[in-house]
A.B. asks: 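Once you've had a glance at the structure underneath, I'll fire off some questions.
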Amino acid sequence: MIKTLVKLRFTAFLQLLTNRNSKKGYQASSAGASKGKLILWLLLYAYVAVVFAFMFGSALLAFSSLAFAMNMEWFFFSMFVLMAFILMFIGSVFTTKSQLFEAKDNDILLTLPIRPRDILISRMVSLIIINFFFEMIVAIPAAVIWGIYGNGGILSWVFFAITVLALPFFSFAISGVFAWLLSLLSAKFKNSAWITTALYLVFFMGYFYVISNMQEYMQMAALSGAQIADAFRSVLPLYWFGSAIGNENALHLLLSLLIYIIPFVVAFAVIAHSFMKICTVKPSTGRAKKERAGQLGVKTHSVPTALLLRELKRLASSSTYMLNCGLGALLAIVASVAMVFNRDAISSLATMLGDSTLLGVILILMLCTINATCIFTAPSVSLEAKQIGLLRSLPVRTEEILHAKLKMHYVIMMPTEAICSLVLAIVFPLPLPMIIGLLIVPQLFVVWTANIGLICSVCHPMLEWTNEAVAVKQGTAVLLTMLFASLPAIVIGIGSIFLAMLSPWLALAAMVVLPLVGDILSYRYLMRGGVKRFEQIEV
Amino acid sequence: MLQITHFSKSYGTKKAVDDLSLHIGKGEIYAFIGHNGAGKTTTLKACIGILSFEEGEILVDGISVKKDPIACKKKMAYIPDNPDMYEFMTGRKYLEFIADVFEVPAEVRNERISSYAKRFSIEKALGQPISSYSHGMKQKLALISAFIHTPKLILLDEPFVGLDPVAAHELKEIMRAHCEAGGSIFFSTHVLEVAEKLCDKVAIIRAGKLIVSGTMDEVKGDGTLEELFLELEERHD
């Protein structure tokens with residue numbers, strides 16, 4: 001049964017990637033097109049994995065030269081375990097929450113004669129496999145470095161393999177408990193989406209802080225490797241993890257395995273105990289507003305406003321949607337505020353660059369690129385899911401529905417970009433054409449991103465998801481939007497750098513005219529072809 | 001109020017509805033009966049304008065659904081067999097959204113919401129998110145959203161499924177009152193006793209083709225609707 005359930009999860013995942021069995025949407029893809037899509041996705045994942053592998057590999061290489069020179073091979077492996085754990089935890093923690101407790105098929109599966117424990121185990125197996133893939137991104141470069149520069153015997157390789165196999169269980173234990181706590185909180189509070197978002201942001205900021213200071217930590221490690229190694233040695237589990245492989249110490253391997261496996265067993269027991277309860281609990285209703293006839297403050301809205309409010313409510317109801325599509329907006333504001341507080345350092349940077357026009361183009365390019373990460377419209381049609389029929393049955397024109405989706409993007413991104421533009425225009429000593437560009441060009445790219453996101457969304461709807469994270473993160477529309485939103489910004493930005501050498505006004509003209517044309521053309525397509533496409537989606 | 005003429009709809013090579021013609025007049029309650037997969041939902045979805053069709057014409061109050069779907073939708077309300085609503089909204093917010101879309105004036109919407117919520121006994125639940133509702137509560141909310149804008153024509157797909165006996169009784173009363181006030185209702189159902197007692201006219205569809213239609217008395221004759229239905233099914237097997 002567990003095998004069947006695990007197979008079911010991976011089949012569902014593959015079918016979503018290829019969009020093959022979709023009854024909804026326009027038509028099922030042909031077998032050839034599906035294979036093509038699958039290959040495209042796999043190539044994309046492989047590319048991202050290789051990039052990360054190089055990043056972690058270079059960090060491990062720096063540690064290896066230090067550790068191997070001091071005959072402290074264990075230190076290298078302690079760092080490997082730490083890095084692999086961090087990557088696995090960060091990579092899977094929110095997937096763990098959505099896969100364990102929020103999957104839409106939980107209700108169906110729980111009605112079947114399947115033990116809840118088997119459902120839980122099948123999900124856990126899937127998550128441990130995902131963790132294993134994350135671990136490989138660090139393990140493969142570690143093995144290559146150990147193979148080339150290390151002098152370990154066969155036993156170190158065997159212990160390394162055992163550690164690689166056991167570590168995902170530990171990572172799952174920690175992320176599973178974290179997800180369990182989050183789900184308990186969500187069940188207690190009415191505004192769980194906002195609580196999850198806030199927790200994620202705290203988590204993300206911490207992660208960002210560590211990553212941004214990674215270079216500093218690496219330098220510290222290189223300068224005072226012995227002290228850090230001593231510090232690691234004093235944290236016994238960390239030492240055991242490394243020593244088991246580096247020193248081929250069987251006792252330390254056994255202790256490490258206990259540390260990996262015992263939390264997993266405890267986490268499994270804890271989650272299994274409340275799995276059924278969390279999955280079947282209805283979202284917290286909080287305290288219902290008192291409904292008394294005749295005493296209600298009725299608010300009426302025009303049709304466009306009602307549709308816009310519906311879009312905003314949809315956004316606010318989902319932490320996954322808010323975080324994946326709107327994090328860039330928050331980061332842009334944070335970056336702008338940071339620039340105000342670090343004005344002196346930035347001014348000296350501007351002086352170093354010398355050419356303030358060039359600086360202006362770079363700043364505009366930066367804002368446009370940040371904007372490309374905020375793609376509220378890209379998953380918006382997919383997120384309609386079953387309710388798309390309800391929307392289509394209302395007496396509103398398709399144009400109004402699409403306008404509401406565009407406006408949602410505008411009302412969030414236009415003020416955000418305007419604030420950032422103003423801050424940058426004040427902080428940096430820029431020539432007039434670049435100040436004008438800074439105020440206008442990002443706004444034009446806001447429109448472009450919204451338009452192109454919605455075009456991709458109506459052309460590639462994914463309505464049959466079992467978890468909304470799939471629609472928000474993995475849809476073809478999302479992938480294409482990120483590409484089409486960022487690519488023009490980079491191309492126009494680079495072109496404008498060359499034009500700026502001739503004249504700042506010429507660069508400004510290119511940066512304004514090209515996106516403006518793109519906005520007009522994409523809007524025209526949306527209101528014609530896009531409307532038709534939306535109306536063709538079968539309900 | 002609703003004129004369906006030579007309507008046909010295919011899914012691939014399969015003909016879901018074949019040359020269907022019906023007329024639902026002002027003030028009529030019209031039952032649409034057929035086995036599972038007979039084409040009832042397809043017909044209702046085409047009438048509300050969410051399903052395109054190749055052949056035939058559907059007119060709502062004289063307006064073509066194909067040519068001016070928005071004008072038609074303004075005159076209609078549709079409740080699907082499985083009421084999927086915006087689960088991220090509370091019941092009240094959902095009703096306000098529907099009222100906004102149908103431009104129901106502020107002064108009457110509150111009164112209507114309160115009145116229908118009381119009749120269906122869900123006034124206390126209106127402040128709760130729809131995601132916390134049972135199937136029956138969702139069905140009640142969907143029904144209120146249909147009646148809140150007093151449409152001329154209401155299309156209901158299996159409206160009695162999930163309703164408790166009191167709510168089912170209330171719905172029948174409301175349907176009757178709606179038609180007495182000049183509105184029309186076209187609904188599919190498998191509950192033949194309800195159809196027999198409540199409806200002025202009935203149509204029976206089988207494998208996409210209309211077998212019989214007319215006033216209830218004409219169609220069932222001296223027997224019951226159930227007897228007729230079973231007889232027709234046997235005859236066509």
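Owing to the predicted nature of the structure, the values given are computational and were not obtained by experimental measurement. We use all heavy atoms of the structure for the numbers below, so side chains are in, but hydrogens, waters and symmetry mates are not.
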A.B. asks: Is B:K73 reaching over with its side chain to a backbone N or O of A:R392, donor-acceptor style, under 3.5 angstrom?
C.D. replies: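 Checked: pair present.
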A.B. asks: For B:K209, I'd like to know if atom NZ has over 12 heavy atoms of other residues, nucleotides or ligands within 6.0 Å.
C.D. replies: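 Atom NZ in B:K209 is not crowded, with 12 or fewer foreign heavy atoms closer than 6.0 Å.
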A.B. asks: Would you please test B:F102 and A:V303 for side-chain contact (heavy atoms from CB on, under 4.5 Å) and show each step?
C.D. replies: CA-CA 8 Å; B:F102 282 93; A:V303 175; over 6 Å; no
A.B. asks: Quick one: CG on A:L390 to CD1 on B:I50, what's the gap to the nearest 0.5 Å?
C.D. replies: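 If we round to the nearest 0.5 Å, A:L390:CG and B:I50:CD1 are 9.0 Å apart.
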A.B. asks: Would the number of heavy atoms belonging to other residues, nucleotides or ligands and lying under 6.0 Å from CZ of A:R524 be above 12?
C.D. replies: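 Counting neighbours around CZ of A:R524, 12 or fewer heavy atoms of other residues, nucleotides or ligands fall under 6.0 Å, so no.
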A.B. asks: Need one label for A:E384: side chain, backbone, both or neither, based on atoms under 4.5 Å from any heavy atom in chain B.
C.D. replies: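 Side chain only.
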A.B. asks: What are the two closest non-hydrogen atoms of B:M89 and A:R310, and how far apart are they?
C.D. replies: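 Between these two residues, the closest heavy atoms are CE-CG, 3.5 Å.
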A.B. asks: To the nearest 0.5 Å, how far apart are CG in A:L394 and CD1 in B:I48?
C.D. replies: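 These two atoms lie 8.5 Å from each other.
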A.B. asks: Among B:V104, B:D100, B:N82, which residue has the highest count of heavy-atom pairs closer than 4.5 Å to chain A?
C.D. replies: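 Looking at each of B:V104, B:D100, B:N82 in turn, B:D100 comes out on top.
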A.B. asks: Distance check, rounded to the nearest 0.5 Å: A:H301 atom NE2 versus B:E103 atom CD?
C.D. replies: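 Reported value, rounded in 0.5 Å steps: 13.5 Å.
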A.B. asks: Taking every non-hydrogen pair under 4.5 Å, which of B:Y86, B:F97, B:Y94 racks up the most with chain A?
C.D. replies: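 It is B:Y86.
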A.B. asks: Any side-chain heavy atom of A:V396 within less than 4.5 Å of one from B:V101?
C.D. replies: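 Yes; the side chains approach each other to less than 4.5 Å.
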A.B. asks: Side chain, backbone, both or neither: which part of A:L391 has a non-hydrogen atom closer than 4.5 Å to chain B?
C.D. replies: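 Both backbone and side chain.
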